[in-house]
Number of protein chains: 2
Amino acid sequence: MDVHADTRAELTGDELVKLLDALSNPQRVRIVASLANGRNYVSQLARDLRMSRPLLHLHLQKLEAAGVVSSVLELSNDGKAMRYFEVTPFVLELSPESIARAARTLSEKKEDE
Amino acid sequence: MDVHADTRAELTGDELVKLLDALSNPQRVRIVASLANGRNYVSQLARDLRMSRPLLHLHLQKLEAAGVVSSVLELSNDGKAMRYFEVTPFVLELSPESIARAARTLSEKKEDE
DNA sequence: TCCATATGTCAGAATATCCTGACATATGTC
DNA sequence: GACATATGTCAGGATATTCTGACATATGGA
């Protein structure tokens, strides 16, 4: 995603849709909210959110694909491999105008009037 | 929705999810983009966007339920009933922080750490 | 009356999403 | 070795979303 303030101008239509799609789910909103308090690894996050690990894994994949979160694999003191997730900082202004601009870069399909 | 600048502070979690859900679809993004250029009635919009009318009707329902668009039924000069749709003006700032705040007002489900 | 326009809605197919319950691997400790 | 932790993935069911085609209504004009 990389909407990191001044890092880039604006998202493409496809990127925007993908981002909104990732965030248009209560579970994923809870995940992002939890990670906004600090990074965490999958199993612990699953316990915190009372969510099955495979399901959480699925949601995290979608969030990561949309660029909302990122992850790194680290080794703990006792040698366990742990994947830490953290939120990508971003600020996005959503309005009919910004949506209209994004729509111009939507792939596939026909154009309009 | 009513995120009309100073009209209200912030959306609830459920409202936000509903809004993002309505906007997380390429077809609906195209619809909003088209209506941002000015209001239009259903049949004409369907032709403009090369979309079947029942399908457009479905998308408009979802957009209207989320508060993104609104509609009025008007009588044309030749007496035809026409439903005009227009976009609701709104500005929404989307960021991990705003999402975290919205998450606190999500209904159902358990809370987290 | 017949044809064009507009409106709305329903049934069902085709997909996509969401979720659980297994299964697999690897490491360190008892 | 058995048990705890961590990781990942797959199969399949339950739902939800997306879309088309057909049907219904109503109005005005030829």
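Order of the sequence lines sets the chain letters (A, B, ...), proteins ahead of strands, with each chain counted from 1.
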Rounded to the nearest Å, what distance is computed from the [atom1] atom of residue [X] to the [atom2] atom of nucleotide [N]?
| X | N | atom1 | atom2 | result |
| --- | --- | --- | --- | --- |
| B:Leu73 | D:dT25 | CG | P | 18 Å |
| B:Leu63 | D:dT18 | CG | C1' | 14 Å |
| B:Leu75 | C:dT5 | CG | P | 19 Å |
| B:Glu74 | D:dT27 | CD | P | 18 Å |
| B:Met82 | D:dA26 | CE | P | 19 Å |
| A:Leu45 | D:dA6 | CG | P | 12 Å |
| B:Leu60 | D:dT18 | CG | P | 13 Å |
| A:Asp78 | C:dC30 | CG | P | 11 Å |

So, OP1 or OP2 of [N]: does either fall under 4.0 Å of a side-chain N or O from [X]?
| X | N | value |
| --- | --- | --- |
| B:Arg28 | D:dC19 | no |
| B:Tyr41 | C:dT7 | no |
| B:Ser52 | D:dT20 | yes |
| B:Gln27 | D:dC19 | yes |
| B:His59 | D:dC19 | yes |

If you check the [X] side chain, which of [options] turns out closest?
| X | options | answer |
| --- | --- | --- |
| B:Arg47 | D:dC10, C:dC18, C:dA6 | C:dA6 |
| A:Leu55 | C:dC19, D:dC10, D:dT7 | C:dC19 |
| B:Arg83 | D:dT20, C:dT7, C:dA22 | C:dT7 |
| B:Asn25 | C:dC19, D:dT18, C:dT7 | D:dT18 |

Problem set entry | Pair A:Arg28-A:Leu23, side chain to side chain contact (heavy atoms under 4.5 Å, CB included): steps then yes or no | CA-CA 6 Å; A:Arg28 287 192 289 270; A:Leu23 296 174; 5.9 Å; no

Problem set entry | Toward the 5' end of DNA chain D, by each residue's nearest nucleotide, B:Leu58 or B:Arg53 | B:Leu58

For this session: Searching all strands shown, indicate the nucleotide that pairs with C:dT29 (Watson-Crick or G-U wobble; both distances under 3.5 Å).
Result: D:dA2

Work out which heavy atom in [X] is nearest to a heavy atom in [Y]; give both atom names and the distance.
| X | Y | result |
| --- | --- | --- |
| B:Pro96 | A:Thr88 | CG-O, 3.5 Å |
| A:Val17 | B:Asn25 | CG1-N, 4.1 Å |
| B:Arg30 | B:Gln27 | NH1-OE1, 2.7 Å |

Exercise. Can B:Glu74 and B:Arg39 be counted as an ion pair, charged N to O under 4.0 angstrom?
Worked result: yes

Exercise. If we ignore angles and hydrogens, is there a donor and acceptor under 3.5 Å between the side chains of A:Ser76 and A:Asp78?
Worked result: yes

Seminar exercise, completed: Heavy-atom nearest nucleotide on DNA chain C taken for B:Tyr84 and for A:Lys62; more 5' hit belongs to B:Tyr84

Exercise. With nearest nucleotides of DNA chain C determined for A:Lys80 and B:His57 from heavy-atom distances, which residue corresponds to the more 5′ nucleotide?
Worked result: B:His57

